Visitor: 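Here it is, the structure, as structure tokens.
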Amino acid sequence: MAPPPGHGAVLLTLQGNALTTGLTPAVHLDGHRVSGAFGPTLYPLRPGRHRVDVHTQWLRRYGQAGMEVDVREGQVVPVFYAVPWHQFTTGSIGHETQKRKGVGVLVAMLAVVVLVVALCVGGPILLS
């Protein structure tokens, strides 16, 4: 993938897919909403400093992450974004493949649900 003449580009990779992360994240370049999809997407830009912001929306906005990138003519700048495992933390963004945040909290929330169900089902049996 190469940018058009006189331009550089940001190659934004939204890591994951709709099955593993829920909803497709919203992408903003220099404050303007642009289309985004999981996998790599090339965004041609004029040379200079640009801002990349990404977030996901379900019940509320979450997974916010952003960074500034310097784009030179003919250059493709790689940017990677990873949606968090839950909506109580920020996303991860950088120039290299990112890890998804929040797996510990997700496991803890699932453990609490399993414990509550086990107490609701097994509690009356143990008390009788």
Side-chain angles (χ1 to χ4, degrees):
M1 294 185 194
H7 289 74
V10 167
L11 181 62
L12 176 62
T13 302
L14 298 180
Q15 297 173 214
N17 59 55
L19 294 176
T20 61
T21 58
L23 307 169
T24 303
V27 177
H28 291 81
L29 290 175
D30 297 327
H32 300 283
R33 176 89 185 248
V34 295
S35 63
F38 286 104
T41 304
L42 187 72
Y43 298 98
L45 298 166
R46 296 208 178 272
R49 179 159 277 210
H50 297 278
R51 176 107 186 140
V52 179
D53 290 293
V54 188
H55 73 273
T56 302
Q57 181 86 30
W58 185 51
L59 295 176
R60 65 184 193 91
R61 180 183 281 206
Y62 71 99
Q64 298 93 329
M67 68 184 293
E68 296 209 352
V69 294
D70 288 315
V71 177
R72 294 187 181 96
E73 184 175 337
Q75 177 188 33
V76 176
V77 179
V79 176
F80 294 85
Y81 171 81
V83 179
W85 283 104
H86 56 79
Q87 59 178 310
F88 304 109
T89 190
T90 59
S92 303
I93 195 167
H95 292 294
E96 298 173 352
T97 302
Q98 300 293 301
K99 292 187 180 212
R100 293 174 66 186
K101 294 179 183 174
V103 72
V105 172
L106 177 66
V107 169
M109 288 188 306
L110 292 174
V112 167
V113 169
V114 168
L115 180 62
V116 168
V117 169
L119 288 175
C120 289
V121 172
I125 295 170
L126 292 174
L127 293 175
S128 60

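Worth knowing before you read on, the calculation uses all heavy atoms, side chains too, and leaves out hydrogens, waters and symmetry mates. Computed from a predicted structure; not experimentally measured.
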Visitor: Quick one: does Gln15's side chain have a donor or acceptor within less than 3.5 Å of a partner on Gln98's backbone?
Guide: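 Between the backbone of Gln98 and the side chain of Gln15 there is a qualifying donor-acceptor contact (under 3.5 Å).
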
Visitor: Strictly distance-based, threshold 3.5 Å: is any side-chain N or O of Thr13 a donor or acceptor partner for the main-chain N or O of Phe80?
Guide: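 Answer holds: no.
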
Visitor: Taking Arg51 first and then Asp30, would you say they form a salt bridge - that is, a charged N and a carboxylate O separated by under 4.0 Å?
Guide: no

Visitor: Of all the heavy-atom pairs spanning Gly36 and Thr24, show the shortest one and how long it is.
Guide: O-CG2, 3.6 Å

Visitor: Compare every heavy atom of Pro84 with every heavy atom of Thr89, then report the nearest pair and how far apart it is.
Guide: CG2-CB, 3.3 Å

Visitor: Return the minimal non-hydrogen interatomic distance between Leu23 and Phe38, and the atom names on each side.
Guide: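 What the structure gives for the nearest pair is O-CZ, 3.9 Å.
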
Visitor: Can you check side-chain contact (heavy atoms from CB on, under 4.5 Å) on Thr41 and Val34, steps first, answer last?
Guide: CA-CA 11 Å; Thr41 304; Val34 295; over 6 Å; no

Visitor: What are the two closest non-hydrogen atoms of Pro78 and His95, and how far apart are they?
Guide: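 Residues Pro78 and His95, closest heavy atoms: O-ND1, 2.9 Å.
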
Visitor: What are the two closest non-hydrogen atoms of Pro40 and Leu11, and how far apart are they?
Guide: CB-CD1, 3.9 Å

Visitor: Around Glu96, counting heavy atoms of other residues, nucleotides and ligands shown, do more than 12 lie under 6.0 Å from its CD?
Guide: no

Visitor: Please answer whether the main-chain N or O of Val69 pairs with a side-chain N or O of His50 as donor and acceptor at a distance below 3.5 Å.
Guide: no

Visitor: Hey, what do you get for CZ (Arg46) to NE2 (His7), rounding to the nearest 0.5 Å?
Guide: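 Reported value, rounded in 0.5 Å steps: 4.0 Å.
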
Visitor: For atom CZ of Arg49, decide whether the heavy atoms of other residues, nucleotides or ligands shown that lie under 6.0 angstrom number more than 12.
Guide: yes

Visitor: Apply side-chain contact (heavy atoms from CB on, under 4.5 Å) to the pair Val52 and Tyr43, showing each step before the final yes or no.
Guide: CA-CA 11 Å; Val52 179; Tyr43 298 98; over 6 Å; no

Visitor: For Ala9 versus Val71, what's the shortest heavy-atom pair and its separation?
Guide: N-CG1, 3.4 Å

Visitor: Within the 4.5 Å heavy-atom criterion, are Val76 and Leu42 side-chain neighbours or not?
Guide: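 They are in contact (side-chain heavy atoms under 4.5 Å apart), so the answer is yes.
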
Visitor: May I ask you to test the Gln64-Asp53 pair for a side-chain heavy-atom distance under 4.5 Å?
Guide: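 In short, these two side chains do not touch, never coming nearer than 4.5 Å.
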
